[in-house]
Undergrad: 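Take a look at this one; I'll ask things after.
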Amino acid sequence: PPRSTLFPYTTLFRSAVLALLAVSGLATRHQSEETGRRVVQLAANLGGEVPADRFLKTRMPALDEDIATAADIRLVGVTLTRTVRDLLPVLDRRLRRGARIRVLVIDADSPARAEAVARSRGADSPEFWQHRIASTIDLLGVLISAAPDESALQLRVLPYVPTFGMCLIDPAETYGRIHVEVYQHQTIEQNPSFSLRADRDSNWYQLFARQFETLWNSARPYRLTAPG
């Protein structure tokens with residue numbers, strides 16, 4: 001129901017519950033307060049006031065299961081070294097089954113490298129970021145043999161640090177998923193993340209799907225080569 005009509009119904013429902021408990025002789029003060037708290041919480045949830053802890057997570061979910069059957073996989077991050085390393089086996093299998101993979105990381109030969117240093121805590125050397133990006137490129141190079149053609153596995157590099165990382169899984173499908181990781185500044189705390197579904201979060205889902213295309217179009221193509 002609209003917000004303007006929700007709270008009168010909530011108040012009525014709350015009063016009815018408390019009256020029933022009182023008549024039955026079960027309405028202790030503690031029970032009344034607990035019932036009231038739960039009804040108010042239910043009303044807030046229905047009104048869209050969802051607690052942040054129910055929406056934001058302290059880390060990205062494991063991606064292997066979602067990617068295991070995906071035909072369209074897109075990754076965005078600063079370096080993505082750990083992500084690509086952890087997903088290497090499943091990415092290899094998906095490429096051999098005809099999937100398409102697009103990857104976005106920062107350009108080690110652009111001001112983005114210095115920007116990454118300024119935003120991070122501890123990793124205060126441009127060489128650190130250059131080494132990480134080189135490792136990601138090497139890992140992606142290992143996948144070249146599994147790709148049927150150059151369009152199956154593409155890498156582009158950004159001239160700036162993205163404000164969030166993403167993993168898009170079959171984003172054009174009704175069952176698509178987008179996992180978003182919000183990057184922080186000068187902290188070693190876990191980055192908050194959240195997940196969007198095409199069949200549930202239409203407006204926000206489409207926003208982040210478009211953001212990928214915006215990032216992709218502003219990035220420079222990088223030609224991958226097999227190691228050796």
Side-chain angles (χ1 to χ4, degrees), residues 55 57 59-107 112 132-133 135-183 191-227:
F55 180 69
K57 307 301 180 185
R59 65 182 63 216
M60 289 274 277
L63 301 172
D64 302 62
E65 185 174 344
D66 282 349
I67 290 178
T69 57
D72 182 357
I73 303 162
R74 310 176 192 182
L75 301 171
V76 181
V78 179
T79 68
L80 291 177
T81 305
R82 182 176 60 184
T83 300
V84 172
R85 183 185 65 238
D86 292 347
L87 294 176
L88 204 63
V90 68
L91 293 177
D92 181 83
R93 290 192 294 270
R94 294 318 303 153
L95 282 170
R96 295 183 188 278
R97 293 293 184 91
R100 293 290 184 264
I101 300 173
R102 288 195 276 171
V103 180
L104 275 165
V105 296
I106 65 171
D107 188 346
R132 297 272 292 185
I133 295 165
S135 296
T136 300
I137 292 172
D138 288 344
L139 288 168
L140 291 172
V142 173
L143 296 173
I144 286 291
S145 61
D149 54 65
E150 288 189 359
S151 66
L153 176 61
Q154 298 181 62
L155 170 66
R156 290 193 180 185
V157 290
L158 288 161
Y160 51 83
V161 176
T163 55
F164 49 82
M166 289 194 292
C167 175
L168 298 86
I169 302 167
D170 291 327
E173 305 295 339
T174 57
Y175 50 81
R177 299 286 188 272
I178 299 178
H179 303 292
V180 182
E181 181 179 18
V182 182
Y183 293 146
N191 290 326
S193 67
F194 57 91
S195 299
L196 301 169
R197 289 170 33 181
D199 61 352
R200 181 192 64 193
D201 308 303
S202 178
N203 292 335
W204 293 112
Y205 183 92
Q206 294 302 326
L207 171 68
F208 280 95
R210 291 194 302 270
Q211 280 289 285
F212 176 86
E213 296 300 339
T214 298
L215 292 168
W216 187 257
N217 292 333
S218 64
R220 175 174 65 86
Y222 189 101
R223 188 173 183 273
L224 293 169
T225 57

Undergrad: What's the separation between atom CG in L155 and atom CG in L224, rounded to the nearest 0.5 Å?
TA: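 If I round to the nearest 0.5 Å, the distance is 5.0 Å.
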
Undergrad: Rounded to the nearest 0.5 Å, how far does CD1 of I133 lie from CD1 of I106?
TA: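 It is 4.0 Å, given to the nearest 0.5 Å.
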
Undergrad: Taking distance alone, no hydrogens or angles, what donor-acceptor pairs closer than 3.5 Å link side-chain atoms of residues 165-175 to residues at least two apart or in another chain?
TA:
| unit_1 | atom_1 | unit_2 | atom_2 | d |
| --- | --- | --- | --- | --- |
| D170 | OD1 | A71 | N | 2.9 |
| D170 | OD1 | D72 | N | 2.9 |

Undergrad: Sequence neighbours left out, what pairs pass side chain to side chain donor-acceptor pair (under 3.5 Å) with at least one residue falling in residues 139-168?
TA: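 For residues 139-168, and leaving out neighbouring residues, the side chain to side chain donor-acceptor pair (under 3.5 Å) pairs sorted by first residue read R100-D149, D149-S151, Y160-S218.
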
Undergrad: Side chain to side chain contact (heavy atoms under 4.5 Å, CB included) for E65 and I67? Distances and angles first, verdict last.
TA: CA-CA 6 Å; E65 185 174 344; I67 290 178; over 6 Å; no

Undergrad: Roughly how far, to the nearest 0.5 Å, is CG of N203 from CG of L196?
TA: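 Separation between the atoms: 11.0 Å.
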
Undergrad: So, do V142 and I144 sit near enough that their side-chain heavy atoms are less than 4.5 Å apart?
TA: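 V142 does not reach I144 side chain to side chain.
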
Undergrad: Looking at every heavy atom in both G141 and P227, which two are closest together, and how far apart are they?
TA: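 It is O-CD, 3.4 Å.
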
Undergrad: With heavy-atom distances below 4.5 Å as the criterion, would you say the side chains of V105 and V78 are in contact?
TA: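 Counting from C-beta outward, V105 and V78 never come under 4.5 Å.
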
Undergrad: Would you give the length of the straight line joining atom CD1 of I101 to atom CD1 of I73, rounded to the nearest 0.5 angstrom?
TA: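 Spacing of CD1 (I101) from CD1 (I73) equals 4.5 Å.
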
Undergrad: Between atom CG of L139 and atom OG1 of T81, what is the distance when rounded to the nearest 0.5 Å?
TA: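 Interatomic distance, L139 CG to T81 OG1, rounded to 0.5 Å: 7.0 Å.
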
Undergrad: Assess the side chains of T79 and T136: does a donor N or O sit below 3.5 Å from an acceptor N or O?
TA: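 The criterion, which ignores hydrogens and geometry beyond distance, is not satisfied for T136 and T79.
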
Undergrad: Quick check: do L104 and L75 have side-chain heavy atoms less than 4.5 Å from each other?
TA: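 Answer no - side chains too far apart.
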
Undergrad: Applying ring-ring contact (aromatic ring centres under 6.0 Å, His included), name anything that partners Y205, two or more places apart in sequence or on another chain.
TA: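 Counting only residues at least two positions away or on another chain, Y205 forms no ring-ring contact (aromatic ring centres under 6.0 Å, His included).
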
Undergrad: Please collect all salt bridge (Lys or Arg N to Asp or Glu O under 4.0 Å) contacts where either partner lies in residues 193-205, sequence neighbours excluded, each pair once.
TA: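 For residues 193-205: R197-D199.
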
Undergrad: Would you compute the distance between atom OH of Y222 and atom CG of L158 and round it to the nearest 0.5 angstrom?
TA: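 The OH atom of Y222 sits 14.5 Å away from the CG atom of L158.
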
Undergrad: Of all residues at least two apart in sequence or in a different chain, which pass the side chain to side chain contact (heavy atoms under 4.5 Å, CB included) check with T69?
TA: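 For T69, no residue satisfies side chain to side chain contact (heavy atoms under 4.5 Å, CB included) once neighbours in sequence are set aside.
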
Undergrad: Could you pull out all residues at least two apart from W216 that satisfy ring-ring contact (aromatic ring centres under 6.0 Å, His included)?
TA: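 W216: ring-ring contact (aromatic ring centres under 6.0 Å, His included) contacts with F212.
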
Undergrad: With sequence neighbours excluded, what pairs up with D92 under the side chain to side chain contact (heavy atoms under 4.5 Å, CB included) test?
TA: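 If we apply the side chain to side chain contact (heavy atoms under 4.5 Å, CB included) test to D92, skipping adjacent residues, the hits are R96, L143, A146.
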
Undergrad: Would you please name every residue forming a salt bridge (charged side-chain N to carboxylate O under 4.0 Å, His left out) with R102, sequence neighbours left out?
TA: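 Residues passing salt bridge (charged side-chain N to carboxylate O under 4.0 Å, His left out) with R102: E213.
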
Undergrad: Looking at T214 and R210, would you say the former's side chain and the latter's main chain have a donor-acceptor pair under 3.5 Å?
TA: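 Such a contact is found between T214 side chain and R210 backbone.
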
Undergrad: Centre-to-centre under 6.0 Å for F194 and F208, is that the case here?
TA: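 Judged by ring-centre distance (under 6.0 Å), F194 and F208 do meet the cut-off.
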
Undergrad: State which residues pass side chain to side chain contact (heavy atoms under 4.5 Å, CB included) with R97; sequence neighbours excluded, sorted by chain then number.
TA: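 By the side chain to side chain contact (heavy atoms under 4.5 Å, CB included) rule, R97 matches R94.
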
Undergrad: Do L80 and R132 have side chains that approach each other closer than 4.5 Å (heavy atoms only, starting at C-beta)?
TA: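 When only atoms from C-beta onward are counted, R132 and L80 do not touch, as no gap falls below 4.5 Å.
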
Undergrad: Minimum heavy-atom separation for L95 and P148, please, with both atom names.
TA: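 Scanning both residues, the minimum pair turns out to be O-CD, 3.9 Å.
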
Undergrad: Can you list every salt bridge (Lys or Arg N to Asp or Glu O under 4.0 Å) pair that touches residues 75-91, not counting sequence neighbours?
TA: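 Checked against salt bridge (Lys or Arg N to Asp or Glu O under 4.0 Å) - neighbours excluded - no pair reaches residues 75-91.
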
Undergrad: Specify the closest pair of heavy atoms between V90 and A68, including all atoms of both residues, with the distance to one decimal.
TA: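 Where V90 meets A68 most closely, the heavy atoms are CG2-CA, 3.9 Å.
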
Undergrad: Taking side chain to side chain contact (heavy atoms under 4.5 Å, CB included) as the test, write out the residues that go with D138, two or more places apart.
TA: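 D138 satisfies side chain to side chain contact (heavy atoms under 4.5 Å, CB included) with no residue once adjacent residues are dropped.
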
Undergrad: Sort and list the pairs that fulfil ring-ring contact (aromatic ring centres under 6.0 Å, His included) and have at least one residue in residues 72-93, not counting sequence neighbours.
TA: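 Pairs touching residues 72-93 that pass the test: none.
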
